[in-house]
There are 2 protein chains.
Amino acid sequence: MADIDSGSARRTPRKRADARRNEATLLDAAAAAFVSSGVDAPVRDIAARAGVGVGTIYRHFPTRADLVVAVYRHQVEACAEAGPTLLANGGAPYVALAQWIDLFVDFLVTKHGLAEALQSDDATFETLHAYFLDRLVPVCAQLLDAAATAGEIRPDVTAFEVLRGVGNLCIGAGDPRYDARRLVELLIAGLGQPRTAGPR
Amino acid sequence: MADIDSGSARRTPRKRADARRNEATLLDAAAAAFVSSGVDAPVRDIAARAGVGVGTIYRHFPTRADLVVAVYRHQVEACAEAGPTLLANGGAPYVALAQWIDLFVDFLVTKHGLAEALQSDDATFETLHAYFLDRLVPVCAQLLDAAATAGEIRPDVTAFEVLRGVGNLCIGAGDPRYDARRLVELLIAGLGQPRTAGPR
DNA sequence: CACGATACGGAACAGTGTTCCGTTTGCCAA
DNA sequence: TTGGCAAACGGAACACTGTTCCGTATCGTG
């Protein structure tokens with residue numbers, strides 16, 4: 001396996017220098033465009049920023065979603081890895097869960113339009129959706145399980161639901177009259193009520 | 001003044017017959033298109049359904065949002081009017097609030113793409129957003145106030161936040177793995193915790 | 001240094017919402 | 001009944017998306 005990999009890796013060891021350079025430039029340009037115009041920044045704008053043609057973007061990133069994933073991959077990975085770490089810190093699982101959700105919310109609210117894109121039913125963003133889910137659902141599930149086992153939250157909620165709900169609540173953060181983080185806290189607080197809903 | 005008004009009203013009492021007919025046809029066609037393709041149904045599709053040109057749509061409804069508002073106005077009004085009614089029914093304000101939210105969720109989840117459009121930062125849907133807010137925020141505020149006064153929910157939550165949060169949670173209902181109604185229940189349950197979040 | 005594979009640029013395509021204006025049509029006065 | 005004109009219509013055209021395609025330029029190697 002290692003032989004085959006290194007062999008094929010030797011045969012096509014590295015892309016042409018200009019290609020590698022362009023890919024890096026493109027990632028920077030996209031990141032900058034996402035900050036100033038949101039993840040919906042027009043492809044042509046990103047190409048112009050990077051000083052390349054639009055064809056070059058599509059050669060490196062088959063679809064917009066792939067570009068978005070590439071730009072945010074590091075941060076998503078960091079978030080995913082933070083889950084087990086928080087859980088291992090020794091505190092109550094519910095606290096770890098709340099902290100992790102907070103991390104996730106921080107990530108989403110600082111990326112203008114990302115939450116919207118994530119929930120978009122546009123087939124274009126399917127890849128994006130899938131990547132986030134693949135990477136984060138298991139982590140979230142682990143935290144939920146721990147908290148449920150400890151009896152701290154109701155046991156009948158899925159990681160998918162929580163992630164999606166939290167992601168949805170982050171849509172439109174940026175509006176000063178809308179505090180996404182607070183509503184997420186409310187939702188997570190609701191999780192902590194094992195019995196019937198309602199007061200008293 | 002009254003003379004001028006009634007005079008001008010008399011002078012142009014009703015639009016031309018074909019115009020009135022087309023407006024009605026258009027509303028029907030749009031409603032049908034929204035059901036089968038969501039509120040994002042292409043303008044050309046709606047025009048084709050109604051058997052008119054796209055120009056005719058824009059003459060009657062300056063923007064897509066106006067068309068959407070016109071189609072759903074009746075249901076939004078009904079929802080708005082249900083608020084005071086539920087509150088007057090004599091039960092606990094919190095129960096009335098929960099029932100009203102349920103009504104709102106019912107409305108949103110049955111309109112494919114409406115929740116998405118409502119939270120879209122697209123300037124096109126500004127009118128839509130504004131209409132829903134104008135009409136429903138006061139109703140929601142009344143219910144929240146009543147429940148807060150009764151000590152049934154925390155008093156520090158605004159109607160705008162709740163409506164927006166609930167609206168956001170309704171995005172993507174339709175996915176079988178995502179139960180929007182349940183998450184809304186969780187959120188509303190979180191509302192019922194006047195003290196600090198978290199278990200015990 | 002020359003040649004072939006690789007990568008590039010941007011025109012072209014398909015699909016949006018919206019605008020614009022030549023043509024048709026309904027209505028009212030004569 | 002009919003003439004005329006304001007109102008309304010249809011749909012081509014525009015501006016803006018994402019995406020594809022291919023002639024051209026460039027890189028790296030023998």
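Note that this is a predicted model, so its numbers are computed, not measured. Below, chains carry the letters A, B, ... as their sequence lines are ordered, and counting in each starts from 1.
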Q | Under-4.0 Å side-chain N/O to phosphate OP1/OP2 contact, A:T63 with D:dT19 | A | yes
Q: Just call it for B:A48: base, sugar-phosphate, or nothing, with non-hydrogen atoms closer than 4.0 Å on any strand.
A: nothing
Q.
Does the structure place the NZ or CZ of A:R64 under 6.0 Å from the centre of the six-membered ring of A:Y58, at an angle of no more than 45° from the ring's axis?
A. no
Q. Can a salt bridge be assigned to the pair B:D28 and B:R49 using a cut-off of 4.0 Å between side-chain N and carboxylate O?
A. no
Q.
Measuring to OP1 and OP2 of D:dC9, would you say a side-chain N or O of B:H60 lies under 4.0 angstrom away?
A. yes
Q. When you measure from the side chain of A:V54, which nucleotide among C:dG17, D:dA6, C:dG10 comes out closest?
A. C:dG10
Q | N or O in side chain of B:Y58 less than 4.0 angstrom from C:dT18 OP1/OP2 | A | yes
**Q.** A:R64 side chain near D:dG18 phosphate (N/O to OP1/OP2, under 4.0 Å)
**A.** yes
Q) Would you say B:R44 reaches C:dT16's phosphate, i.e. side-chain N/O to OP1/OP2 under 4.0 Å? A) no
**Q.** Working for side-chain contact (heavy atoms from CB on, under 4.5 Å), residues B:V157 and A:R182
**A.** CA-CA 9 Å; B:V157 185; A:R182 213 156 89 99; 4.0 Å; yes
Q | A:R177 bridged to A:D175 by N-O distance under 4.0 Å | A | yes
Q | Of the listed nucleotides D:dC27, D:dA7, D:dG18, the one nearest the side chain of A:P42 | A | D:dG18
Q: Output yes when at least one side-chain N/O atom of B:N22 is less than 4.0 Å from OP1 or OP2 of D:dC9, else no.
A: yes
Q) With respect to the phosphate group of C:dG9, does any side-chain polar atom (N or O) of A:T56 fall under 4.0 Å of OP1 or OP2? A) yes
